[in-house]
2 protein chains.
Amino acid sequence: MYEVRWLTPDQLRAWIRFEAVVELLPTVLDSQLQRDSALTHFEYVVLAKLSESPDQVLRMTALAATTNSTLPRLSHVVSRLESRGFVERMPCPGDRRATNAHLTDEGRAKVVAAAPGHVNTVREHVIDLLSDEQVEQLDGIMATLLQRLDPTNTLRILP
Amino acid sequence: MYEVRWLTPDQLRAWIRFEAVVELLPTVLDSQLQRDSALTHFEYVVLAKLSESPDQVLRMTALAATTNSTLPRLSHVVSRLESRGFVERMPCPGDRRATNAHLTDEGRAKVVAAAPGHVNTVREHVIDLLSDEQVEQLDGIMATLLQRLDPTNTLRILP
DNA sequence: CCGCCAAGGTTGTCGCGACAAGAGACGTAC
DNA sequence: GTACGTCTCTTGTCGCGACAACCTTGGCGG
């Protein structure tokens, strides 16, 4: 039985709405990609991050970090993507413990084909609904939250 | 091959951060509740919504709406909660198709015990990190997004 | 009444995410 | 050179969420 600081009405309202968006948004992203490209949102992110990196290669650990994922989760997903021919695993030359994930040409084609529809969904459901000022506010708020959520601050390295 | 309006650098940065938070936040909420109260975040929300309603009763459909869920998902969760003694199903007097979910005393005790820890987590990871102004901004942004995400606008009925 | 469709819930199946356990490889201390 | 701890990744198991199929009841037109 310790002291609890409950939320004020304003805080509560903001939280309930935020909570709702956090609950609903992933479903929207997933179903669009699933429907149009037979990809999970997470699978898409993996392919996208690989396509943005030099030589289309990233170490599993680095890939896990940029996708806000854990290694076990990533490993499973890469296995699936590998069996579909979008990614191939290659031993890392310098470190025999490490594995490199490499985007195949087929995988690259896949993500290139999926990107427009995904960007469109992001616009329709988020960006285009907000003013430039609100986008800036959103960025500031999320940057603050990430300092708590992302211990390694991987995401502070941004373009 | 149609026209694509890519995101501007500012928009992209905001989106990547928002995406990261949407990915990471649910895990934090789930693991705290799981660790301290052996509850899923969604289970907690179900119990909480019931505890806030008159007579601790809500129809399944209404409960699904206020928890941003689908009926199948809710039905499964209520079954689990029922087997643990936190909720009981009762036929709705007025409509023999409908089912009422009723929070038991045990369930009420459970949610009351879990609430402080949960509120604390929400404060630590979200509310207390933001200024009052940012909380207001967050509320405005999320309200806008919900108009798209929540077709029935169930959540616009707020305290 | 009676045939039809919509509304309200439940159940079954499948796939993904979380977690724990394990197998190699690297570094380092002695 | 060898023993220990750490890093890197994989694998197996379990539980939840999405989706589809199904069943019952209610409303409504003829």
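The chains referred to below are lettered A, B, ... by the order of the sequence lines, with proteins before strands, and numbering in each begins at 1.
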Closest-nucleotide 5' rank along DNA chain D - winner of A:L74 and B:T40:
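The residue mapped nearer the 5' terminus is A:L74.
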In chain order, what residues pass the side-chain contact (heavy atoms from CB on, under 4.5 Å) check against [X], with sequence neighbours excluded?
X	result
B:R108	B:S51, B:Q56, B:L103, B:V112
A:R89	A:M60, A:S75, A:V78, A:S79, A:E82, A:T99
B:T104	B:E88, B:E106
B:N100	B:V57, B:R59, B:C92, B:P93

Close side-chain approach of B:L12 to B:T8, heavy-atom, < 4.5 Å
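Of all side-chain heavy-atom pairs linking B:T8 with B:L12, none is under 4.5 Å.
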Expressed in angstrom and rounded to an integer, what is the separation of [X] atom [atom1] from [N] atom [atom2]?
X	N	atom1	atom2	result
B:M60	D:dC23	CE	C1'	16 Å
A:L63	D:dT10	CG	P	11 Å
A:L81	D:dT10	CG	P	13 Å
A:R73	D:dT10	CZ	P	16 Å

Taking any atom under 4.0 angstrom from a heavy atom of chain A, which nucleotides of DNA chain C are the first and last to qualify, 5' to 3'?
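First-to-last contact on DNA chain C, by the 4.0 Å heavy-atom rule, is C:dC16 to C:dC26.
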Quick check against the 3.5 Å criterion: does B:E124 have a side-chain atom that pairs as donor or acceptor with the backbone of B:T121?
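Answer holds: no.
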Supply the atom-to-atom distance A:N68 CG to A:K49 NZ, rounded to the nearest 0.5 angstrom.
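Answer for the CG-NZ pair, A:N68 versus A:K49, is 7.5 Å.
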Can you tell me how far apart CZ (B:F42) and CZ (B:R80) are? Round to the nearest 0.5 Å.
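Reported to 0.5 Å precision, the distance equals 9.0 Å.
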Taking any heavy-atom pair under 4.0 Å as a contact, classify A:D95: base, sugar-phosphate, or nothing.
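Since only primed, P, OP1 and OP2 atoms lie under 4.0 Å of A:D95, the category is sugar-phosphate.
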Once you apply a heavy-atom cut-off of 4.0 Å, does B:T27 come out as touching a base, just sugar-phosphate, or nothing?
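Sugar-phosphate only.
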Check whether the side chains of A:H41 and A:Q34 place a donor and an acceptor atom closer than 3.5 Å, and report yes or no.
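A:Q34 and A:H41 do not have a side-chain donor-acceptor pair below 3.5 Å.
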Dot-bracket line, read 5' to 3' along DNA chain C, where crossing pairs take [ ] and | marks a partner on another strand, Watson-Crick or G-U under 3.5 Å:
||||||||||||||||||||||||||||||
Which residue lies more 5' along DNA chain C, comparing B:N100 with A:V77 via nearest heavy atoms
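Looking at DNA chain C, the more 5' nearest nucleotide goes with B:N100.
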